[in-house]
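To find a chain, count down the sequence lines: A is the first, B the second, and so on, and within it residues start at 1. Heavy-atom basis, side chains included; hydrogens, waters and symmetry copies ignored. Given the structure is predicted, the values throughout are model-derived calculations rather than measurements.
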Amino acid sequence: MFQKITTEELLGSLNEFEQVKLPQELYYAGRLILARKSPRIAIVGSRAASPGGLELAAKLAEHVVSVNGVVVSGLAKGIDRAAHEGALKAGGSTIAVLGTPLDHFYPAEHRNLQERLMLEQLVLSQFAPGSPVHRSNFVTRNRTMALVSHATVIVEASEKSGTQSQAWEAIRLGRGLYIPQALAEADFEWPRKLLQYGAITFSSLDDLLQDQLINPEAELVW
Amino acid sequence: MVSKGSRRLLAELKVASLLIYPSRPQSAADREARDVILTGIKQAKPRHLQRVAERLADLPEDHSVRQLVPSNAVLVPVPRSTPLRDGALWPTLDIAKALVSAGVGALVLPLLVRDEPVRRSAGARSLADREPPLRHYETVSAVVSQLGLEDPTAHYVLVDDVVTTGSTLIACASHLKSLAPEATIDAFAAARAERTHPFAEAKEMFSPGVQTIYLTDDAGRPWRE
């Protein structure tokens with residue numbers, strides 16, 4: 001009942017690094033064209049987000065929409081939801097990349113949001129409908145989200161946050177990875193390690209707007 | 001190439017490049033050209049790298065660019081601005097491999113690594129934001145000793161994606177010079193950034209040429225002409 005497409009067909013020519021952890025196929029519901037628009041910016045972070053984090057996620061989504069970009073996120077509570085809702089409120093486009101099959105709704109209270117995104121926007125999953133959901137799905141999904149996005153912005157994250165896997169994948173792929181200054185200064189190790197390998201810090205939305213988040217697909221024009 | 005007195009850094013380095021792009025785009029064509037660099041070349045998209053290699057290979061052997069990057073050159077990719085994680089993208093290595101596949105350069109030797117992160121040149125908004133050559137020099141090291149080089153008299157060509165001020169290239173070339181004092185050392189960058197260089201059409205970005213990077217003292221800033 002859901003359609004599928006090969007990842008290469010969807011994303012175009014991929015380099016050898018992009019091919020390493022490539023899901024062969026993606027199931028989708030909604031407007032596939034959104035996965036070909038650019039820039040596609042992932043906005044991710046904690047489920048237990050602070051009010052400031054939720055606000056930043058929504059503003060960031062609004063900004064991505066204002067440059068004709070597409071927001072990408074998961075479908076968890078907290079930052080993910082705020083990012084999608086920010087994009088919708090701004091009348092823009094957003095893509096949800098799921099750690100569950102498309103016929104599964106997790107968390108259950110996001111069923112309405114997922115159904116709306118499946119109809120009006122785009123929802124992607126590398127997991128076949130009906131397949132069991134394992135914890136490891138979410139880490140796998142995080143890598144796929146990094147691959148689908150031109151850059152990843154972490155809005156808030158805790159010490160054991162699953163967001164780490166997406167951050168390292170963005171670094172591995174050489175994509176932009178933005179982390180808040182406060183997270184870089186927090187009392188845990190992983191954000192500092194990310195900075196050693198090329199993550200970029202920001203302390204306000206203004207910082208982000210000045211950087212090269214705009215990263216459209218380039219055609220061979222010469 | 002001249003190295004004076006107790007200097008650690010080279011005073012000059014020749015750099016060949018194939019494309020030109022405006023780092024401060026003014027028009028749609030400018031932005032298109034910049035995007036080719038930022039997302040095609042710097043993201044090591046295979047068709048972009050292949051095009052660079054093919055267009056370079058197509059230049060006549062006596063073209064100034066080809067003379068700097070001859071078929072027998074040993075290509076040395078320039079390190080990224082941060083240390084490299086295992087299995088992570090290293091665009092200049094991919095560019096060097098694409099060149100060798102097209103018959104430009106004989107082999108790729110990843111001789112230099114970045115030990116400590118420095119600020120990215122791509123994100124710099126002003127000269128003050130850019131790391132000086134000495135900082136690049138001190139955060140890069142060679143993975144082999146002088147004796148480890150099979151041919152110390154070879155023609156080594158550093159391969160970079162973009163040359164802006166030339167700070168990274170002159171620092172890397174200085175390391176190569178200490179490794180192989182008798183070698184010829186040049187550089188190739190897929191593209192050179194010019195602050196403003198208005199295009200009517202993005203395809204005008206194809207502009208093969210050779211410039212020289214100059215550095216008057218170790219603590220200074222280089223210029224390129």
- Message: Go through it in stages, so that I can follow the logic: the residues are Asn142(A) and Glu169(A), the test is side-chain contact (heavy atoms from CB on, under 4.5 Å), and I'd like the CA-CA distance, side-chain angles, deciding distance and then a yes or no.
- Response: CA-CA 8 Å; Asn142(A) 288 348; Glu169(A) 186 66 354; over 6 Å; no
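Only the side chain of Glu16(A) comes within less than 4.5 Å of a heavy atom in chain B; its backbone stays farther off.
Of the residues considered (Leu49(B), Val36(B), Val118(B)), Val36(B) shows the highest number of contacts with chain A, using heavy-atom pairs under 4.5 Å. Contact tally against chain A (heavy-atom pairs below 4.5 Å) for Arg51(B), Met205(B), Arg80(B): the top residue is Arg51(B). When Ala88(B), Gly40(B), Gly87(B) are compared by the number of non-hydrogen pairs under 4.5 Å with chain A, Ala88(B) comes out ahead. Contact count against chain A (heavy-atom pairs under 4.5 Å) is highest for His48(B) among His48(B), Glu204(B), Glu201(B), Arg55(B).
Taking the six-membered ring where tryptophan is involved, the planes of Trp168(A) and Tyr197(A) are perpendicular, since the angle between them exceeds 60° and thus also 30°.
Across all non-hydrogen atoms, the minimal contact from Leu158(B) to Ala173(B) is CD1-N, 3.4 Å. Taking every heavy atom of both residues into account, Asn137(A) and Val133(A) meet most closely at ND2-CA, 3.8 Å.
Defined by atom type and a distance below 3.5 Å, a donor-acceptor pair is missing between the side-chain atoms of Glu156(A) and Ser46(A).
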